[in-house]
Amino acid sequence: MIDDEAEAREAGAKGQEAGQYPVGRPCGAESITAAAGQTKAEVSRLMEAVIERSNVWSAYQKVVRNGGAPGVDGLTVGSFKDWLKRHWPCVRAALLDGSYLPSEVRAVDIPKPSGGVRTLGIPTVLDRLIQQALLQVLQPIVEPTFSASSYGFRPGRSAHQALRAAKHYVQEGRAWVVDMDLEKFFDRVNHDILMSRVARHVDDERVLKLIRRYLEAGLMRDGVETARDQGTPQGGPLSPLLSNILLTDWDCELGKRGHAFCRYADDCNIYVRSEAAGQRVMAAMKVFLDERLKLQVNEAKSACATPWKRKFLGYTLTNAGGHIRLKVAPHSVARLTDRVRELLRQGRGRSLTHTIETLNPVLRGWIGYFQLSESKTVWKDLDGWLRRRLRCLLWRQAKTRPRRTALLRKRGLPEARAWHSGHNGHGPWWNSGASHMNQAFPKAFFDRLKLVSMIETSRYLQRHS
DNA sequence: AGCCACCTTAC
RNA sequence: GUUGUAAGGUGGCU
């Protein structure tokens, strides 16, 4: 595409002559006139920065690397490069004069672990590219204005930092937390309020209009388009940044009141010293959010409680004699065990080394995120549970009594004992916890097969960070 | 230093 | 049919 300037220019001339705009709907009469009544010098050049060669090129690379989905017009990533080569000059021209109209976003329902469904609005490949370019330009502009207590979706900031801050606040004696979650946040964002906040940073009207058009782009479901008058499409590269721009108002309000808080996207924890204070803050924030941002609080997921009763970013806090510690939330452990069970189901027919090989990267990744957990028992329990699961698998794979006896024999158990255990008639789970299986397949056996030890790798990660 | 693949989590 | 931002991990290549 833009890596061949001459070709692009040529194609551009053709495209413009034809006056055709190939993606999205044709532009109507309401094309904006950004420069009306102004001299050229007064017009903001932000859009020029957006369509700058390097920005578009890196945006392209990112979109393609992510794999992406075909656009509503059938444009796949594979054919995207060729397509863009021909049509980019035309798109570029439309962006520059403010006449570009995004296509509808494709609706994709994904089931949530909690039971409901989350509806994604996935823009076409081209629109993802343009939004990505917008993001690259806008991010550095708005980023410095964000709160130090905002941790979500921001370069250089992580959930781990938010968790450390949360722990610190509680350790300082703020033993009550106001845990607030917004009701269907992305779907309920008010366009006018959001755009007014964006306008604080952006004065190029072409860019503002473009962002608004992205907000208003219809949702395409089964060939039927539904217009959008609120919410941002979940799945657009710009959406996370927009959410932070909007919720910065909330951060400022909390900051003005002198609160200690951590916000990660729409999940905000405010740490206070008493329950009464917490209730007060909760009530005040509900009013603030409703009046200023037109946002509702999700009552089911929000509460004022002690931190040990709430979970935040997959963790909970524990209080061991005044010593505050981070711990993996039980729910997060359950999610892992579900995943492992699923992997083991698939590994029934395969060799133990193979299932361990598929298990290891998953475990390593999980440990990486939960390495802040300061409770050793979680790791020990999981290690034990994991080995027992694998013993269970081995027992199951042996299938018949003679083969189970032979398996125990091969693993060094005396003949009589092997026979007895092999014929005991109990289920696989019972046997996986029995002493004969523990002796036949001790921890050292799994160590030799390079099964990751959760306690050791977590200790290792903790040391080297 | 850089690049690539795979994996995890948060929302 | 799995999008987005961000952080981290493991391995590989030059």
Side-chain angles (χ1 to χ4, degrees), chain A residues 59 61-63 65-72 76-77 105-114 117-125 127-129 131-132 134-136 138-139 142-143 146 150-164 166 180-182 184-187 214 219 221-222 232-245 247 262-269 298 301 311-315 328-329 331-333 335-336 339-340 343 357-373 450 452 454 457-458 460-462 464-465:
Chain A
Q61 289 198 313
K62 179 135 195 163
V63 165
R65 179 138 35 84
N66 284 356
V72 287
T76 64
V77 171
V105 295
R106 186 170 47 96
V108 172
D109 293 325
I110 60 168
K112 277 197 292 194
S114 50
V117 289
R118 198 161 69 104
T119 300
L120 260 42
I122 303 170
T124 59
V125 190
D127 285 320
R128 286 216 299 281
L129 179 140
Q131 284 195 43
Q132 183 64 45
L134 270 170
L135 176 70
Q136 274 158 11
L138 292 181
Q139 186 128 266
V142 296
E143 184 64 22
F146 289 161
S150 161
Y151 293 92
F153 312 137
R154 296 181 57 188
R157 308 198 134 228
S158 65
H160 283 175
Q161 290 174 8
L163 287 159
R164 274 191 254 264
M180 297 183 76
D181 189 276
L182 300 180
K184 300 220 183 73
F185 169 61
F186 279 97
D187 297 330
Y214 273 123
L219 191 73
R221 187 191 291 277
D222 306 324
T232 88
Q234 299 189 51
L238 211 49
S239 295
L241 183 74
L242 294 177
S243 79
N244 271 337
I245 290 176
L247 292 182
C262 302
R263 185 175 67 77
Y264 196 102
D266 68 330
D267 194 356
C268 186
N269 279 11
N298 184 340
K301 286 202 209 157
K311 75 176 183 63
F312 183 48
L313 306 180
Y315 283 79
V328 189
H331 180 74
S332 307
V333 177
R335 290 257 299 279
L336 177 70
R339 177 103 170 78
V340 169
L343 285 173
E357 267 168 24
T358 64
L359 217 48
N360 276 348
V362 177
L363 297 177
R364 271 192 240 274
W366 197 85
I367 296 165
Y369 181 73
F370 288 107
Q371 63 179 278
L372 295 188
S373 178
K450 297 278 187 286
V452 300
M454 303 202 83
T457 50
S458 70
Y460 174 86
L461 288 180
Q462 203 131 51
H464 295 77
S465 64

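Chain identifiers are assigned alphabetically (A, B, ...) following the order of the sequence lines, protein sequences preceding nucleic acid strands; residue numbering begins at 1 within each chain.
Across all strands, A:Gln132 comes closer than 4.0 Å only to sugar-phosphate atoms, never to a base (heavy-atom distances). At a threshold of 4.0 angstrom between heavy atoms, the contacts of A:Gln139 are confined to the sugar-phosphate backbone, with no base atom among them. In this structure, A:Arg263 reaches neither bases nor backbone, as no heavy-atom distance under 4.0 Å exists between it and the strands shown. No engagement by A:Leu241 is indicated, since no non-hydrogen atom pair under 4.0 Å with the nucleic acid exists.
If you check B:dA10, C:A7, C:U2 against the side chain of A:Tyr264, the one that comes closest is B:dA10. Picking from C:A6, C:U3, B:dA10 the nucleotide with the shortest atom distance to the side chain of A:Pro155 gives C:A6. Between C:A7, B:dC11, C:G4, one nucleotide has an atom nearer to the side chain of A:Asp266 than all others, and that is B:dC11. The side chain of A:Arg335 lies closest to B:dA10 when the candidates are B:dA10, C:U10, C:U3. Ranking C:G8, C:U10, C:U3 by closeness to the A:Arg128 side chain, first place goes to C:U3. Candidate nucleotides C:U3, C:G9, B:dC7 were compared by shortest atom distance to the side chain of A:Pro361, and B:dC7 ranks first. Among the nucleotides B:dA10, C:U5, C:G9, the one closest to any side-chain atom of A:Leu461 is C:G9. Looking at the side chain of A:Arg65, the nearest of the listed nucleotides C:G8, B:dT9, B:dA5 is B:dA5.
A:Tyr264 and A:Ser158 make their closest contact through CE1-C, 4.3 Å (heavy atoms, listed as atom of the first residue, atom of the second, distance). When all heavy atoms are compared, the tightest approach of A:Ala107 to A:Thr119 is CB-CG2, 4.4 Å.
Within the shown strands, nothing qualifies as a pairing partner of C:G1 under the Watson-Crick or G-U definition with both distances less than 3.5 Å.
Using atom P as the reference point in both C:U3 and B:dC6, the two lie 12 Å apart (nearest Å). Distance noted for atom P between B:dC7 and C:U2: 15 Å (whole Å).
The aromatic rings of A:Tyr315 and A:His160 lie perpendicular to each other, with more than 60° between the two planes, well past the 30° mark.
For the pair A:Gly152 and A:Gln234, nearest-nucleotide mapping onto RNA chain C gives the more 5' position to A:Gln234.
For A:Gln462 (side chain) and A:Gln371 (main-chain N/O), a donor-acceptor pair under 3.5 Å exists by modelled atom type.
To the nearest angstrom, P of C:G8 lies 13 Å from CZ of A:Arg157. Look at CZ on A:Arg118: it is 12 Å from P on C:G4, rounded to the nearest Å. If you take CD1 of A:Ile367 and P of C:G9, they are 13 Å apart, rounded to a whole angstrom.
The residues A:Arg221 and A:Asp109 are annotated as salt-bridged, a charged nitrogen and a carboxylate oxygen being separated by less than 4.0 angstrom.
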